[in-house]
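Take a look at the structure set out below.
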Amino acid sequence: MKVTAIVPSFRPDHRLPQVVRGLLEAGFPRVILVDDGSGEEFQSRFEEAAREPGCVLLRHEVNGGKGRALKTAFRYFLDHPDGDVGAVTVDGDGQHTPEDALRCARALEETPGELILGCRRFDGADVPLRSSFGNRITAWCFRVLCGVRVSDTQTGLRAVGAAFMEQILDLPGDRYEYETNMLLAAGRCGVAIREIPIRTVYLEENASSHFHPLRDSAAIYGQIFRFLSASLGCTVIDLAAFALLGWLLRSLTDAPRLLAATLGARVISSLCNYAANRSLVFHSTQRHSRSMPRYYLLCAAQAAASYGGVYLLSAVLPLPELLAKICTDTVLFLISFQIQRQWVFPREPFQRQEVHIHGK
């Protein structure tokens, strides 16, 4: 076995030592256990787990979140690889069985360049409604808006190769959103995602979970929400400009009036949208000389498609011009997100950052 197990934990219950022991007995040569600022009352459980031969205990003095705990473990692994090809992340509450963790590890050994996900089923009677509903919504958003087809977006059982691990050390997010950003980063970095079916285990209605539905969901959907907000805001600007220009040019015939109104509205809204997407959504650091020509090439293609769609729908069906534009631009919006994310504003390779480790 050339794969390390990583267990991030915050205020664990009595199952933590058993989780660590089970991973070592399953064949993992090493377990990196991270105490994410749990406090004195939980130290006995960490110390019991750390007495297992092969367990390395790292500590945060204060709680930083699951993402921060994973980054600490990744940094330690990269500094002390011991010949391993990567690591499997396992939750410390017993929801992931050693056998499933081992299957993901074996898959990573076969293809260390892939991101391996242990994916659960959500159709069982014991699956909490918030877990089933939340995962289905997130999976739909990832598939439609991000082009990432994953059945279990929130799984904590993941096998990560050393090369990809190096790239995601500087990835934004210190809590649960870090795992979501990891999936988006895999698409940007050309890392294939492979799913391994695993058991769906929810103990005591998932009572041990530290997931905060409002705070952590907002963070998880952050990039998608920002893109939607920027796009909707600029869509309002675009529609207002389109309507105003259409009224100002009402003396022209339909074809040239629609063309002028569409192009004029797109120029105004695109300037706002370019600035918002570059700075607020994709956090791009590329030069304007590279991203702006690509953005406006996309805008030109989108404007042509928008004009064609509006003219066709308003002339053939016929639909009111404003309704025809809304229908056309909704479809173009979904296509544009993926093109901007992958081609116009691709993220630069992630740089290594210094991670301070507190441990034995």
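Side chains are part of it too, since the values below use all heavy atoms of this structure and drop only hydrogens, waters and symmetry mates. Because the structure is predicted, anything quoted here is derived from the model rather than measured.
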What are the two closest non-hydrogen atoms of V19 and G94, and how far apart are they?
-> CG2-N, 3.7 Å
Under a 4.5 Å cut-off applied to non-hydrogen side-chain atoms, are I116 and R103 in contact?
-> no
Using a side-chain heavy atom cutoff under 4.5 Å and only I, L, V, M, F, W and Y, what cluster partners does L313 have?
-> L317, L319, L323
Presence of salt bridge, R15 and D93, under 4.0 angstrom = no
Not counting sequence neighbours, list each pair that qualifies as a salt bridge (charged side-chain N to carboxylate O under 4.0 Å, His left out) and has a residue in residues 229-246.
-> D238-R266, D238-K325
Indicate every side-chain donor-acceptor pair of residues 243-254 with a distance under 3.5 Å to a residue at least two apart or in another chain.
{"unit_1": "R250", "atom_1": "NH1", "unit_2": "W247", "atom_2": "O", "d": "2.7"}
{"unit_1": "D254", "atom_1": "OD1", "unit_2": "R257", "atom_2": "NH2", "d": "2.9"}

Would you call L33 and L58 a side-chain contact if the rule is heavy atoms closer than 4.5 Å?
-> no
Pairs in or reaching into residues 260-280: which pass ring-ring contact (aromatic ring centres under 6.0 Å, His included), with residues at least two apart or in two chains?
-> Y274-H288, Y274-Y295, Y274-F345
Taking atom types as modelled and ignoring hydrogens, do the side chains of R278 and Q340 form a donor-acceptor contact shorter than 3.5 angstrom?
-> no
Heavy-atom pair of closest approach, residues L169 and R75 | CD1-NH1, 2.8 Å
Does the pair Q154 and R120 meet the rule for a side-chain hydrogen bond (donor to acceptor under 3.5 Å, both in side chains), with working shown?
-> CA-CA 10 Å; Q154 299 170 30; R120 304 158 293 179; 5.4 Å; no
To which residues is V236 joined in a hydrophobic cluster, defined by side-chain heavy-atom contacts under 4.5 Å among Ile, Leu, Val, Met, Phe, Trp and Tyr, whether direct or through other members?
-> none
So the salt bridge (charged side-chain N to carboxylate O under 4.0 Å, His left out) pairs with at least one residue in residues 154-164 (sequence neighbours excluded) are none
Check ion pair R194-E114 (N to O, under 4.0 angstrom) | yes
Tell me, please, which residues at least two apart from L312 pass side chain to side chain contact (heavy atoms under 4.5 Å, CB included).
-> V316
Report the hydrophobic cluster partners of L259, with the cluster defined as I, L, V, M, F, W, Y residues connected by side-chain heavy atoms closer than 4.5 angstrom, directly or transitively.
-> L239, F242, L258, L263, Y307, V310, Y311, L322, I326
By side chain to side chain contact (heavy atoms under 4.5 Å, CB included), E48 pairs with (sequence neighbours left out) P17, R21, R51
If every non-hydrogen atom of P29 is compared with every non-hydrogen atom of V3, which pair is closest and at what distance?
-> CD-O, 3.3 Å
For R294, check side-chain hydrogen bond (donor to acceptor under 3.5 Å, both in side chains) against everything at least two apart and list the hits.
-> none
With sequence neighbours left out, what residues match N63 under side chain to side chain contact (heavy atoms under 4.5 Å, CB included)?
-> F10, D36, R175
Establish whether V331 and F333 are linked, either directly or via other cluster members, by ILVMFWY side-chain heavy-atom contacts under 4.5 Å.
-> yes
Find out whether F74 and D79 are in side-chain contact, i.e. whether some heavy atom of one side chain is under 4.5 Å from a heavy atom of the other.
-> no
State, yes or no, whether a side-chain contact exists between T153 and L183 at a heavy-atom distance under 4.5 Å.
-> yes
Locate the shortest heavy-atom distance separating G118 from T155; write the atom from each residue and the value.
-> O-OG1, 2.6 Å
Student check: side-chain heavy atoms of L117 and L157 closer than 4.5 Å | no
Do S38 and D35 have side-chain atoms, one donor and one acceptor, less than 3.5 Å apart?
-> yes
Please round to the nearest 0.5 Å and tell me the distance separating atom CD of Q95 and atom CG of D100.
-> 12.0 Å
Could you pull out all residues at least two apart from S284 that satisfy side-chain hydrogen bond (donor to acceptor under 3.5 Å, both in side chains)?
-> none
Does a side-chain N-to-carboxylate-O contact under 4.0 Å join K71 and D170?
-> no
Within 6.0 angstrom of Q18 CD, more than 12 heavy atoms from elsewhere = no
side-chain contact (heavy atoms from CB on, under 4.5 Å) between I6 and Y76, worked out = CA-CA 10 Å; I6 290 175; Y76 182 90; over 6 Å; no
